[in-house]
Amino acid sequence: MNLKYLESFLAVVQFGGFREAAKRTGKSQPALSQNIGKLENELGVSLIQRQHKGCSPTDRGRALVPYAESLLRTAKRALALFEGNSLAIAAGSNIGIYLLPPYLRSYRDAHPQEQVELSVHSNPEVARRLCDREVEVAVMEWWDGRPGFIAEPWRREEMVLIVPPDHRWAKKRVIAPEQLRGCSLLGGESGSGTGRILQEHLAGIHPSLRVSAHLGSTEAVKRAVQAGLGISLVLASSVKQEVAAGNLTAIRIADISLEKQLYVVRDKDTPESSPARRFAEHLFG
């Protein structure tokens, strides 16, 4: 597909008509109309409903929008690879919120000429964006060995059980694994790999553990635990402030090292002189 045709199509969809799209993009209305007409001919469908009061996408046009956006993002990243002055990073929510900001700040200070973008998503979405070449570097809580990429172990992060200050375990620093048998846990972000770690390290009691609610994020889990709605397992680094303030209590599991391995993942053919390689080296440095 011709990227210029897709740009014209998205502009008319975004701005609701040819006149406004022409004003915002600097292209003439005839040029926009011609590009979209060629795209419609190529696909053999109508993409835009042309009306006196404006324009709107047809059903086929709406279906094309996410693909067109993805193609343009990928093209932008491909150009950036050769220009060497921009970098797109995707990180799992816990990493992007609690661990990566200081590294990002120091990298920007060291390379002020580069445009660095960080987006935070669920770990499966981070993997998708990397595989679709929408980002050059992914920092994740797991990696499943997909071909074509290099996944380097970055750091291991301890996991702790968090309880509210008035919980019966709040005065303890450590509990025995058996004390967790039959407990209900609050779940956070899906696809973070925590369940796999529990199954690996707490195999004897894992079948008895229940997830009482899936709250979607560690921030939501922390608020729910503070409110006395349950207990949960989270990265220790995500609750440092709450534990220091006395709003939560972090408890370790005796005789078990509950840790999550974090990974820095990039394309195996990433050029040595690229911002992606520089950023990866910065994380390890």
Side-chain angles (χ1 to χ4, degrees), residues 1-91 93 96 104 107-108 111-122 124-138 146 148-149 265-271 273-279:
M1 291 183 183
N2 188 303
L3 296 179
K4 291 183 179 180
Y5 299 168
L6 292 173
E7 286 179 344
S8 297
F9 164 68
L10 288 176
V12 172
V13 170
Q14 180 181 356
F15 300 116
F18 286 88
R19 179 179 298 177
E20 188 63 22
K23 185 189 302 182
R24 298 295 188 94
T25 63
K27 295 183 174 69
S28 68
Q29 292 187 52
L32 290 172
S33 180
Q34 186 178 47
N35 287 345
I36 293 174
K38 290 179 179 179
L39 182 60
E40 290 176 324
N41 289 335
E42 182 180 345
L43 298 177
V45 298
S46 175
L47 298 172
I48 296 291
Q49 290 180 334
R50 296 160 173 81
Q51 302 166 334
H52 291 297
K53 295 182 179 180
C55 297
S56 61
T58 63
D59 290 342
R60 294 293 184 88
R62 276 191 290 272
L64 178 62
V65 166
Y67 292 97
E69 291 174 339
S70 179
L71 284 167
L72 292 177
R73 281 196 301 268
T74 303
K76 178 182 177 182
R77 299 315 316 155
L79 289 172
L81 179 66
F82 296 97
E83 293 170 351
N85 63 356
S86 68
L87 171 65
I89 307 160
S93 298
L104 189 61
Y107 183 82
R108 282 177 168 170
H111 303 278
Q113 75 283 1
E114 293 181 14
Q115 298 177 357
V116 183
E117 299 176 3
L118 170 65
S119 56
V120 176
H121 314 276
S122 68
E125 175 63 13
V126 170
R128 184 199 68 77
R129 286 175 179 254
L130 180 67
C131 291
D132 288 350
R133 302 304 194 271
E134 294 180 16
V135 298
E136 289 85 48
V137 179
R146 303 180 198 194
F149 298 92
V265 192
R266 56 179 173 81
D267 191 291
K268 66 179 181 61
D269 295 321
T270 304
S273 60
S274 66
R277 285 288 286 270
R278 284 196 292 271
F279 183 73

Do R277 side-chain atoms and T270 backbone N/O form a donor-acceptor pair below 3.5 Å? yes

Check T58 against S46 and note the closest heavy-atom contact, atom names and distance. OG1-O, 2.7 Å

I'd like to know if E125 and R129 make a salt bridge, using a cut-off of under 4.0 Å between side-chain N and carboxylate O. yes

To the closest 0.5 Å, what do you measure between OG (S274) and CD (E114)? 9.0 Å

Any carboxylate oxygen within less than 4.0 angstrom of a Lys/Arg side-chain nitrogen, looking at R77 and E136? yes

What heavy-atom pair brings L32 and A22 nearest, and what distance separates the two atoms? CD1-N, 3.5 Å

All heavy atoms of P275 vs all of S86, minimum pair found to be CG-O, 3.7 Å

Output for pair (S56 OG, L47 CG), nearest 0.5 Å, gives 12.0 Å

What is the distance from atom CZ of F15 to atom CG of L10, rounded to the nearest 0.5 Å? 10.0 Å

Please tell me if the side chains of N35 and F9 come closer than 4.5 Å, counting only heavy atoms from C-beta onward. no

Least distance between heavy atoms, V12 atom then C55 atom: CG1-CB, 4.1 Å

Check whether more than 12 heavy atoms from other residues, nucleotides or ligands sit under 6.0 Å from atom CZ of R62, and answer yes or no. yes

Kindly state each residue pair satisfying salt bridge (Lys or Arg N to Asp or Glu O under 4.0 Å) with at least one member in residues 27-36, sequence neighbours excluded. none

Closest approach of A91 and L118, non-hydrogen atoms and distance? CB-CD1, 4.0 Å

Measure the shortest side-chain to side-chain distance between L43 and M1 over non-hydrogen atoms and say whether it is less than 4.5 angstrom. yes

Got a donor-acceptor contact below 3.5 angstrom from the T74 side chain to the E134 backbone? no

For the CG atom of L64 and the CG atom of D59, what is their distance to the nearest 0.5 Å? 12.5 Å

Can you tell me how far the CD atom of E42 sits from the OH atom of Y5, to the nearest 0.5 Å? 8.0 Å

Taking E40 first and then R50, would you say they form a salt bridge - that is, a charged N and a carboxylate O separated by under 4.0 Å? yes

Of all heavy-atom pairs linking A90 and V126, the shortest is O-CG1, 3.7 Å

Note: D267-R133 ion pair, threshold 4.0 Å (strictly below): yes

Say you draw a straight line from CD of E69 to CD of E7; how long is it, rounded to the nearest 0.5 Å? 12.5 Å

